[in-house]
J.: 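Quick one: structure below, then a few questions.
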Amino acid sequence: MSNLDTLNNRQREAALAVEGPVLILAGAGSGKTRVLVHRISYMIEDCGIQPWNILAITFTNKAAGEMRERVDRIIGNGADSVWVATFHSTCVRILRRHIDLLGYDTDFTIYDTDDQKTVMKGILKRLNIDSKQFKEKTCLNTISNAKNELIDPVEFAKNCVGDYKLERIAVVYTEYQKTLKESNALDFDDIIMLTVRLFKEYPQVLENYQNRFRYIMVDEYQDTNTAQFELIRLLAAKYQNLCVVGDDDQSIYKFRGANISNILDFEKEYPQALVVKLEQNYRSTQYILDAANSVISNNSYRKSKSLWTDRGDGNKVHFRQFENAFEEADYIAGDARKSINSGEFEAGDCAVLYRTNAQSRLLEEAFVRIGIPYNIVGGVNFYSRKEIKDILAYLKVINNAVDPIAVKRIINIPKRGIGVASINKVEDYCSANGFSFFEGLKMADEIPGLGKAAVKIEGFVNMIRVFRSKIDTYGLKGLVEDILETTGYIEELRESEEDDAEDRIANIEELISKIVDYEDDHEEASLTAFLEEVALVSDIDNIEDEKNRVMLMTVHAAKGLEFGKVYMAGMEDGVFPGSMAIYDEDPSEIEEERRLAYVGITRAKDDLTLCYAKQRMLRGETQYNAPSRFIREIPDAYMDNKPAKRKEPVVMQDDSFREAKKMFAAKAYTTSTPMTLKRPNTTPEDKRPFIGQGINSLRASAGIQKGMPAKGKPDYEVGDRVRHMKFGDGTVINIDKEPTDYKVTVDFEKSGRKVMYAAFAKLRKI
DNA sequence: CGTACTAGTCTTTTT
DNA sequence: GACTAGTACG
C-alpha cells in the first residue's frame, strides 16, 4: 500500500483526487513533485490502475528523469510501464509511428534553431525578399508563434489579408513548411502541431492513445502553449482524468509561447475541476517568503496565494549597493568565499542568479580571481557548438541523405575544394530537374559546368557511401572515429593555429564519451535514436549537482532548483526588469519580469542577497540605473539595508568605469600570473562541462575546474620533496602566507623553478 | 576558392 | 564590447 501519511492535508487531497479534472496550484517549494509521485503510487497500488494507463508529462528531460527515478523508487512493480516523458519526446514517439498518415516519412529528422535559420535564409533569398525588411529571425518568430497557436500556412494566409507585411510572411511560411517537408524534417514546433493535427484528422489514432493514457498528469502547466494545451485536451477528452500542476506566479516563458491563461482559465475549460492550493513552503525561511510574496502581490493577473513556512524567520534579505558591476561581482565572489570558508555553506549550496547571460562574464572573472570553484550553466549549448554540429551533420548525412542542410554544412568541411559556386550549380540543376540535393550530388558528372569540382563531389559521395556500408560493423563510436580519421577533421583543427582549437578537440572527445555512454545504456543504439536523443536535450538537463561548486546561471535556468544561499545580481531597472519590459506599453511584460523575480527569490532556502550596481556596461554603453523596482516593492522591514534614497541622478566621470575595470584587471593579473604560464593537460577524467569562449585559459589555469582550494596550511614544508601532476617531482624552496592562500615556490627537476598557489597546485608530499 | 575586414545585432530560450 | 554574417579582395 502506498504511504500518504507523509503528506500534509492539502497534498493528500491532491494525491487522492484520481478521477476527473484536477488543478493543483503549487506554490514554489510546496512539494509538488512529491505529490505527483505519491499520486501515481496511490493510483497503482491502491486503486488498481494499470501503470501503462498513466502518462506524466514534463517540459524538460531533467524533470522527466527525476520523476522517473522517484516513481521507480516508490513503486515496486510496473513502474517502468508508467509513461514519463517530455511533451516533445512523447510526440516524437507518436509521430514515429503514424506520421506517414500526414505525408512525412517516419524517419524524419529534427531541425534545431540553427537549421531553421539556414532554411529561412535560403527561402528569403529564393523568394527575393528584402532581408532587411524581413529579418529571418522575425519571420521565424512569427511562424513559431503561429504554430504554437496551431495556425497552419493556409489559415495564416486567410487571417492576414490586407496586411502587406503579414501577407509576405504568409508566403514565407508556406514555402518554409514546404521546404521542411521536402527535407523530411520537423522543427520543434512542428512536433507538437503535427501531433495535434494527426489526432484531429485521424480520430481512431487519437482514440487509441486516449485509451492508452486514461490518467494524465502535466507538470509545470503554467508553461504550456496553446498547441500543448490542445494536445492534452484531446488526449484527456474521453476519460477526463486530467491532473495539471503548476504555479501561475512562475510562468516565465511567455516569449516562447507559453500561455498563462491555460492555468488561470483551467476551471473555465473544466468547470467540475477540483482545485487544490499548496501554500505551505518547505524550502525557504519566512523573511525570504515575505519578500517574495510582497513582490508578486503587485501582479494583477494571477490567482491569489500566499506562501507560508514553519521554518522560522531566518535571516533578513540582504541588500547591497555598489558603485559599479565590477565591485558587485567582487563582493559576491568574496562573500561566497567567506561563507564557504566559515563552513556556513558549501560551494554547491550557493548560486548567483542574473537576468541575462551577458552578466556572467564579470561574475566568472571574479570567481576566478577569488579562487572559488564555480560552474556556469547555459551560454552556448554543447550540441550547438560548431565542431559538434559538424560531426553530427556527418552522422545525419549518413543517416538521412535527404537532409540538405546537413549535407551542405559538411560538404566542404574540412576543406575539399567544393565551394559555394559548385553547390549553387548542383542546386540549380536539381531544382530544374526535380532531384533532391543529394541525388544531384550523386550524378555530379552529368551536371554541366562543374568541371574539376565534379570529381571532388564524387569523392565526397563515395566517402559517405562507405561510411554507410560500414555502420553495422563498428558501432557509433567506431563510426565517429572513422569520420574523424578519414576526413582529417582533428588534424585540420590542430593545424589551424586558432587558440580555441584545443578546447574544440576536447569537446569532440566529450562527444565521443557521450556516445560511448549512450551505447552502454542502450542495447539497440541506432544512429536514428542517438540523433533524436541529441536533438531533444538541453544544457540544463546536464547540470551535475554532485560537483561542489557555486552555480552561476540565469534566473530562467534556475527554475525548479533550490540553493541555501542565493545572490541575485544586477537588480536594476533596465536590467531586471529589462528595459524592453519597462518601455513596453503592455503592462503584462512587467508582470512577466516580476514573476521572474519571484522565481529568483524563491530559489533561496536560508539566505538571499540582492545586489545593485549604480553603474554598469550594457551593450557597450555605460549606464546609470535606479535600483530595481522589485527591490522597492519589498518592505524595508524584511531587509537588512535599504536602497539609498534617489538623489540627483548619479553622474560620474565616464572614465571612472574604465579606471575601476583597470584596477580589477590588474588585481586579476597578479593573482593568476603564476598559473597562466601553461595550460593544464586535458585529462580524460577532467570532465569539464561546456567550454566557454575566451575565459577558458583563465578558468583552467586557475585550477578552478579541478576542485576546491585547500583552506588550511599545506602539509609540506620548506625542504620537503613534493610531486606535481604535470611538473613532476621537486623540492619546496619557499612558502609564503598570503591573505587568501599559501604561495609555494618549488624547484622541479624537469621543469625548473615554479611559483604556485597551494590551493590550486595540489602538490603531494612524497 | 579562400581570406580578411567591416557592418549590424544585441533578453530570457524547457524542446 | 563581442560576436556573427556578409562582402570585397587577393
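If you're wondering where the values come from, they're calculated on a predicted model, not measured in any experiment. The sequence lines fix the lettering, A, B, ..., with proteins before strands; numbering per chain opens at 1.
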J.: Among side-chain atoms of A/Y111 and A/D403, is any donor-acceptor pair under 3.5 angstrom?
T.: yes

J.: Looking across every strand, which nucleic acid part, if any, lies under 4.0 Å from A/S579 by heavy atom: base, sugar-phosphate, or nothing?
T.: nothing

J.: Below 4.0 angstrom, which residues in residues 585-592 of chain A have at least one non-hydrogen atom near DNA chain B?
T.: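 Those residues whose heavy atoms fall under 4.0 Å from DNA chain B, taken from residues 585-592 of chain A, amount to none.
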
J.: Go through the structure and list residues passing salt bridge (charged side-chain N to carboxylate O under 4.0 Å, His left out) with A/R70, not counting sequence neighbours.
T.: none

J.: Between P on B/dT15 and CG on A/D114, what's the gap in Å once rounded to a whole number?
T.: 16 Å

J.: Would you mind telling me which residue lines up with the more 5' stretch of DNA chain B, A/G578 or A/A421, judged by nearest nucleotide?
T.: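 On the 5' side of the pair lies A/A421.
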
J.: How long is the line joining CD1 of A/I252 and P of B/dT12, in whole Å?
T.: 13 Å

J.: N/O contacts under 3.5 Å, protein versus nucleotides 5-10 of chain C?
T.:
none

J.: Taking atom types as they are modelled, would you say the side chain of A/R256 forms a donor-acceptor pair with the base of B/dT13 within the 3.5 Å cutoff?
T.: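 Such a pair exists between side chain and base.
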
J.: What protein N or O atoms touch nucleotides 2-8 of chain B N or O atoms at under 3.5 angstrom, if any, and at what distances?
T.:
| residue | atom | partner | partner atom | Å |
| --- | --- | --- | --- | --- |
| B/dG2 | OP2 | A/N412 | ND2 | 3.3 |
| B/dT3 | OP2 | A/K415 | NZ | 3.3 |

J.: For A/L536 and B/dT15, what is the distance between atoms CG and P respectively, to the nearest whole Å?
T.: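 Interatomic distance, CG of A/L536 to P of B/dT15: 8 Å.
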
J.: Which residues pass the side chain to side chain donor-acceptor pair (under 3.5 Å) test with A/D112, not counting sequence neighbours?
T.: A/K389

J.: Can you check the A/R619 CZ to C/dA2 P distance for me, whole Å?
T.: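 The answer, rounded to whole Å, is 15 Å.
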
J.: Please tell me if A/S89 has a side-chain N or O lying less than 4.0 Å from either OP1 or OP2 of B/dT15.
T.: no

J.: Starting from C1' on B/dT14, measure out to CD on A/Q250 and report it in whole angstrom.
T.: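 My rounded result for the distance is 14 Å.
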
J.: Rounding to a whole Å, what distance do you find between A/K559:NZ and B/dT15:C1'?
T.: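 Interatomic distance, NZ of A/K559 to C1' of B/dT15: 13 Å.
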
J.: Return the value, rounded to whole Å, for the distance between atom CZ of A/R361 and atom P of C/dG1.
T.: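 Whole-Å distance recorded here is 12 Å.
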
J.: Mind checking what makes salt bridge (charged side-chain N to carboxylate O under 4.0 Å, His left out) contact with A/D247, not counting sequence neighbours?
T.: A/K305

J.: Listed by chain and number, what are the salt bridge (charged side-chain N to carboxylate O under 4.0 Å, His left out) partners of A/E562, not counting sequence neighbours?
T.: A/R283, A/K605

J.: Can you see whether A/D107 engages A/N184 through a side-chain donor-acceptor pair at a distance of less than 3.5 angstrom?
T.: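 The answer is yes; a qualifying pair exists.
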
J.: Please determine whether a side-chain nitrogen or oxygen atom of A/S422 lies at a distance below 4.0 Å from atom OP1 or OP2 of B/dC1.
T.: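 For B/dC1, OP1/OP2 do have a side-chain N/O of A/S422 under 4.0 Å.
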
J.: Specify whether A/Y221 and A/F229 have parallel, tilted or perpendicular ring planes, treating 30° as the upper limit for parallel and 60° as the lower limit for perpendicular.
T.: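 Ring orientation of A/Y221 relative to A/F229: tilted.
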
J.: OP1 or OP2 of B/dT13 less than 4.0 angstrom from a side-chain nitrogen or oxygen of A/N357, does that happen here?
T.: yes

J.: Using the side chain to side chain donor-acceptor pair (under 3.5 Å) criterion, which residues pair with A/S628? Sequence neighbours excluded.
T.: none

J.: According to a cutoff of under 5.5 Å between the ring centres and under 30° between the ring planes, does A/Y253 stack with the base of B/dT12?
T.: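 One would not call A/Y253 stacked on the B/dT12 base.
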
J.: Under the ring-ring contact (aromatic ring centres under 6.0 Å, His included) rule, collect the residues that match up with A/Y518, sequence neighbours excluded.
T.: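 A/H522, A/F530.
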
J.: What pairs with A/Y598 under ring-ring contact (aromatic ring centres under 6.0 Å, His included), at least two apart in sequence or on another chain?
T.: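 Listed in chain order: nothing, the list is empty.
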
J.: Checking A/E532 now: which residues fulfil salt bridge (charged side-chain N to carboxylate O under 4.0 Å, His left out) with it, not counting sequence neighbours?
T.: A/R96

J.: Taking ring-ring contact (aromatic ring centres under 6.0 Å, His included) as the test, write out the residues that go with A/Y253, two or more places apart.
T.: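 Partners of A/Y253 under the ring-ring contact (aromatic ring centres under 6.0 Å, His included) test: A/F255, A/H556.
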
J.: In whole angstrom, give the distance that lies between atom CZ of A/F59 and atom P of B/dT14.
T.: 13 Å

